[in-house]
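Inspection log for the structure reproduced underneath, given as structure tokens.
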Amino acid sequence: MSEERFVTQITPKSEDFSRWYIDLIRRAELADYAPMKGMMVIRPYGYAIWENIQKLLDRRIKATGHVNAYFPVFIPESFLRKEMEHLKGFAPEVAWVTHGGDDELEERLAVRPTSEAIIGFMYSKWIKSWRDLPVLINQWANVVRWEKVTRPFLRTTEFLWQEGHTAHETYEEAQEETIRILEMYREFVETELAIPVIHGRKTDREKFAGALATYAIEALMSDGKALQMGTSHNLGQHFAQVFNIRFEDRHQNLQYVWQTSWGVSTRLIGALVMSHGDDSGLVFPPQVAPIQIIIVPISVGNWKETVLPVAKELKDSLERAGLRVFLDDRTEYTPGWKFSEWEMRGVPLRLEIGPRDVKNNQVIAVRRENKDKIALDLTGIEQKVKELLAEIQKAIYEKALAFQKENTREVSTYEEFKSLIEDKRGFIKAFWCGAEECEAKIKEETMATIRVIPMDQEKGQKGRCLYCQKEAETVAVFARSY
RNA sequence: CGGGGAGUGGCGCAGCCUGGUUAGCGCGCCUGCCUUGGGAGCAGGAGGUCGUCGGUUCAAAUCCGAUCUCCCCGACCA
């Protein structure tokens with residue numbers, strides 16, 4: 001029954017990818033449109049994923065010495081204006097508060113598009129000595145950017161994220177932090193979200209407004225387009241100079257601090273959908289799945305007396321083992337209906353239990369990602385289920401990795417590049433001379449951009465620039481992107 | 001922001017061109033019976049100021065204008 005489609009309200013992925021994406025998000029109740037342009041409601045089933053992401057990432061943020069705090073949602077216009085390069089980057093998408101009640105404000109307030117400015121201001125008050133450094137603060141918050149084109153999770157007017165903001169004594173320390181976080185994001189996304197990424201530096205054209213350098217993790221969605229999943233910026237002393245964040249160093253010299261900032265957002269949820277989902281619906285990796293195990297009792301005969309008590313006991317014991325379990329004992333739906341429904345919602349493992357299974361002291365386990373069925377003995381099932389979930393997590397990652405590898409290609413000629421980007425998309429590795437002009441022309445002619453310049457470049461490699469044919473030493477990864 | 005398409009019970013649509021009593025259909029929902037190992041069946045039932053505002057008309061889902069929202073393709077964008 002592998003090719004049968006039980007869920008008919010969702011456009012098949014192969015037919016229309018973006019329609020599939022939107023249908024799925026709404027049908028699976030991850031999110032729904034709000035009545036204001038570009039805004040959405042993250043529904044409980046979707047928010048549960050965010051909570052799992054928060055929990056798993058926050059743990060890592062704290063483990064690397066950071067602490068959480070919260071800064072204001074409003075930022076005075078003059079603060080943003082202090083840093084023109086930064087403001088220019090954001091100006092078109094800033095939402096402004098002009099009135100408090102009926103009274104016009106003396107100064108407009110920006111609804112934060114990001115918090116460098118307000119945090120920079122506060123840091124200037126808090127940091128006086130090298131003994132105050134480093135400052136390692138993270139905040140979980142919402143931000144607003146008035147985007148023209150919006151899509152649920154991928155780009156919405158308001159979104160949730162975490163933003164880390166650190167201040168250091170030296171450039172080297174700040175750079176180390178920038179890379180440490182990039183690596184933390186890479187490990188987090190690959191381990192917990194089961195999405196393989198490439199990581200590297202952004203070109204000047206693509207970097208954060210006001211940063212010295214921006215690094216990013218990028219993943220390939222299953223339609224062959226790239227999605228930026230997290231960024232880490234070395235801000236240098238730019239904001240320190242603007243907001244006068246100075247400290248007296250170990251040799252009694254007054255110096256500007258070196259800063260970083262970094263973030264990931266609810267876009268990660270969109271990435272989960274687009275990386276792992278299939279024609280039957282969502283596929284969630286167990287680590288972040290809102291429900292890891294769905295128990296479906298097979299309702300035949302006097303199942304309420306025979307099957308249901310065993311199912312309840314199974315649920316309790318799995319919950320005691322620390323698993324997220326839901327027992328679907330609704331009588332108004334048939335087992336078959338429930339199978340399809342929970343597959344659509346991406347639950348990684350289904351346990352079916354009927355009278356025959358009760359008799360045999362077993363359950364039928366069905367994996368979401370490959371639909372394999374196996375019988376599991378009820379005795380000691382907690383351990384077996386945990387192992388199975390770990391296997392599923394790994395299998396989902398391996399599948400995505402295989403896809404990424406298949407769709408990462410190297411080219412040497414521009415003709416080859418153009419035809420690949422048109423038919424197959426995916427990541428394309430090619431030499432680039434470093435000129436912004438070549439980058440711009442390629443984008444104009446093919447809609448592909450440089451996603452990152454990978455960290456792991458071979459030393460001393462030489463080739464010719466994809467566009468201008470001049471000698472080049474840098475390989476860049478190109479793709480069409482979201 | 002430019003070009004194109006679309007808004008009709010919860011969802012998917014028909015009706016609109018050519019205005020005319022009661023706005024249909026499928027799915028879903030409710031009640032009952034019967035069923036339940038891959039989205040069961042039968043019977044009965046509820047639910048819509050046709051996105052919103054205004055105009056034309058004796059009469060507007062239908063014609064005209066404005067506006068909001070969504071989708072697609074571009075431009076823009078950490």
Side-chain angles (χ1 to χ4, degrees), chain A residues 1-2 4-11 16-23 26-27 29 32-40 85-86 88-94 113-114 116 143 145-152 154-155 157 159 161 163 201-211 213-218 227-233 235 261-265 267 280-281 296-304 307 328-344 350-358 363-364 366 371 373 375 443-444 447 449 451-452 481-482:
Chain A
M1 73 192 68
S2 55
E4 264 183 79
R5 290 190 61 249
F6 299 110
V7 179
T8 49
Q9 292 110 325
I10 295 170
T11 307
D16 184 342
F17 190 85
S18 67
R19 189 64 206 240
W20 166 85
Y21 175 78
I22 286 162
D23 284 353
R26 300 189 71 186
R27 265 290 286 141
E29 298 180 352
D32 198 3
Y33 290 108
M36 305 80 77
K37 183 172 164 51
M39 309 199 95
M40 66 168 182
E85 191 182 337
H86 185 54
K88 259 195 280 171
F90 285 104
E93 42 188 274
V94 171
T114 180
E116 275 74 11
V143 286
R145 297 177 190 179
W146 220 260
E147 301 283 357
K148 284 166 184 160
V149 177
T150 56
R151 306 185 93 189
L154 301 180
R155 179 174 284 109
T157 302
F159 58 92
W161 75 346
E163 48 178 326
R201 191 168 55 80
K202 287 282 182 183
T203 63
D204 286 350
R205 198 185 148 83
E206 303 267 333
K207 77 179 184 189
F208 178 70
T214 289
Y215 298 82
I217 52 171
E218 295 263 340
L227 183 72
Q228 178 173 299
M229 295 186 64
T231 49
S232 183
H233 315 289
L235 300 177
S261 70
W262 29 275
V264 299
S265 72
R267 176 181 272 191
S280 301
V296 179
I298 305 303
S299 40
V300 284
N302 59 342
W303 68 282
K304 282 190 183 168
V307 174
D328 191 351
D329 58 2
R330 292 176 293 179
T331 53
E332 63 268 35
Y333 295 109
T334 62
W337 189 92
K338 292 174 186 175
F339 296 165
S340 304
E341 181 69 12
W342 293 108
E343 277 170 10
M344 190 269 294
R350 175 172 78 242
L351 301 180
E352 306 175 12
I353 180 162
R356 289 205 295 270
D357 304 309
V358 171
V363 295
I364 303 298
V366 186
K371 313 237 170 141
K373 275 190 191 190
K443 182 180 178 183
E444 197 182 309
M447 286 161 62
T449 50
R451 302 320 303 160
V452 289
S481 72
Y482 277 97

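Numbered from 1 within each chain, the chains take letters A, B, ... in sequence-line order.
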Practice task
Nearest whole angstrom, please: distance from the C1' of B/G38 to the NZ of A/K371.
Solution key: 10 Å
Exercise for the section: Round to a whole Å and report the spacing from NZ of A/K202 to C1' of B/C77. Expected result: 12 Å
Practice task
May I ask you to say what A/E352 touches in the nucleic acid, namely base, sugar-phosphate or nothing, with a heavy-atom cut-off under 4.0 Å?
Solution key: base
Exercise for the section: Quote, to the nearest angstrom, the C1' distance that separates B/C63 from B/U57. Expected result: 10 Å
Handout entry: salt_bridge(A/E352, A/K338) N-O dist < 4.0 Å
Key = no
Completion exercise
Listed range with range, the stems formed with RNA chain B by at least 3 consecutive Watson-Crick or G-U pairs (under 3.5 Å) are B:1-7 with B:68-74, B:10-13 with B:24-27, B:29-33 with B:41-45, B:51-55 with B:63-67
Problem - Nearest-neighbour nucleotide for the A/K148 side chain, B/U36, B/C76, B/G38 considered - result: B/C76
Handout entry: P spacing across the pair B/C70 / B/G12, given as an integer number of angstrom
Key = 15 Å
Practice task
Check the distance between B/G38's P and A/D328's CG and give it to me in whole angstrom.
Solution key: 16 Å
Exercise for the section: With rounding to the nearest 0.5 Å, note down the distance linking CZ in A/F90 to CZ in A/F208. Expected result: 4.5 Å
Problem - Residue A/E93, side-chain heavy atoms: nucleotide from B/U36, B/G38, B/C77 that is nearest - result: B/C77
Exercise for the section: Between B/G26 and B/U18, how far apart are the C1' atoms? Round to whole Å, please. Expected result: 28 Å
Completion exercise
To the nearest angstrom, the CD1-P distance between A/I353 and B/U36 comes to 18 Å
Practice task
Starting at atom OH of A/Y33, determine the distance to atom P of B/U69, rounded to an integer number of angstrom.
Solution key: 13 Å
Handout entry: Integer angstrom distance from the C1' of B/U52 to that of B/U69
Key = 10 Å
Exercise for the section: Could you tell me whether the phosphate oxygens of B/C29, OP1 or OP2, come under 4.0 Å of any side-chain nitrogen or oxygen in A/Y333? Expected result: yes
Exercise for the section: Record whether the side chain of A/R26 comes under 3.5 Å of the base of B/G10 through a donor-acceptor pair of N or O atoms. Expected result: no
Problem - Rounded P spacing from B/A6 to B/G24 in Å - result: 24 Å
Problem - Separation between the C1' atoms of B/U35 and B/A40, rounded to whole Å - result: 7 Å
Completion exercise
Separation of B/U36 atom P from A/N302 atom CG, nearest Å, is 12 Å
Completion exercise
A/M447 has its side chain closest, among B/G37, B/G38, B/G74, to B/G74
Handout entry: hbond_proxy A/T334 side chain to B/U36 base (donor-acceptor, 3.5 Å cutoff)
Key = no
Handout entry: Separation between CD of A/E147 and OG1 of A/T157, rounded to the nearest 0.5 Å
Key = 7.5 Å
Practice task
Hey, which sits more toward the 5' end of RNA chain B by its nearest nucleotide, A/P152 or A/I364?
Solution key: A/I364
Exercise for the section: Look at the side chain of A/R155 and the base of B/C77, then say whether one donor and one acceptor between them are separated by less than 3.5 Å. Expected result: yes
Practice task
Would you indicate what A/T231 reaches in the nucleic acid, counting non-hydrogen atoms under 4.0 angstrom: base, sugar-phosphate, or nothing?
Solution key: nothing
Exercise for the section: Could you tell me how the ring of A/F17 sits relative to the ring of A/W20: parallel (under 30°), tilted (30 to 60°) or perpendicular (over 60°)? Expected result: tilted
Practice task
For A/V296, report the nucleic acid contact type (base, sugar-phosphate, nothing); a contact means any heavy atom under 4.0 Å.
Solution key: nothing
Problem - Nearest heavy atoms of A/V307 and A/P355, plus distance in Å - result: CG2-N, 3.5 Å
Exercise for the section: Give A/P113 one of three labels, base, sugar-phosphate or nothing, depending on what nucleic acid heavy atoms sit under 4.0 Å from its own. Expected result: base
Exercise for the section: Provide the distance between the two C1' atoms, one in B/G28 and one in B/G47, to the nearest whole Å. Expected result: 12 Å
Exercise for the section: Take atom CZ of A/R19 as the centre, draw a 6.0 Å sphere, and report whether it contains more than 12 heavy atoms from other residues, nucleotides or ligands. Expected result: no
Problem - Reference residue A/L351; test side-chain contact (heavy atoms from CB on, under 4.5 Å); the match among A/D357, A/V363, A/V296, A/V366 - result: A/V363
Completion exercise
Sorted by position of nearest nucleotide on RNA chain B, 5' first, the leading residue of A/P355 and A/A209 is A/P355
Practice task
Answer yes when A/E341 and A/R27 have at least one side-chain N-carboxylate O distance shorter than 4.0 Å, and no when they do not.
Solution key: yes
Problem - Closest nucleotide among B/C70, B/U36, B/C1 to the A/K37 side chain - result: B/C70
Exercise for the section: Measure from NZ or CZ of A/R155 to the centre of the six-membered ring of A/Y482, then state whether that distance is under 6.0 Å and the direction lies within 45° of the axis. Expected result: no
Handout entry: A/V149 side chain, from C-beta outward: closest of B/C1, B/U36, B/G38
Key = B/C1
Practice task
Would you classify A/G38 as touching base, sugar-phosphate or nothing, given that sugar-phosphate means primed atoms plus P, OP1 and OP2, and contacts are heavy atoms under 4.0 Å?
Solution key: sugar-phosphate
Exercise for the section: Using whole Å, report how far CZ of A/R27 lies from C1' of B/G10. Expected result: 11 Å
Exercise for the section: Between B/G20 and B/A60, how far apart are the C1' atoms? Round to whole Å, please. Expected result: 10 Å
Exercise for the section: Looking at every strand, decide which applies to A/S18 at a 4.0 Å heavy-atom threshold: base, sugar-phosphate, or nothing. Expected result: sugar-phosphate
Practice task
Check the side chains of A/S280 and A/E343 for a donor-acceptor pair under 3.5 angstrom, ignoring hydrogens and angles.
Solution key: no
Exercise for the section: Would you mind classifying the nucleic acid contact of A/R356 as base, sugar-phosphate or nothing, using non-hydrogen atoms under 4.0 angstrom? Expected result: base
Practice task
Starting at atom CZ of A/R151, determine the distance to atom C1' of B/C70, rounded to an integer number of angstrom.
Solution key: 12 Å
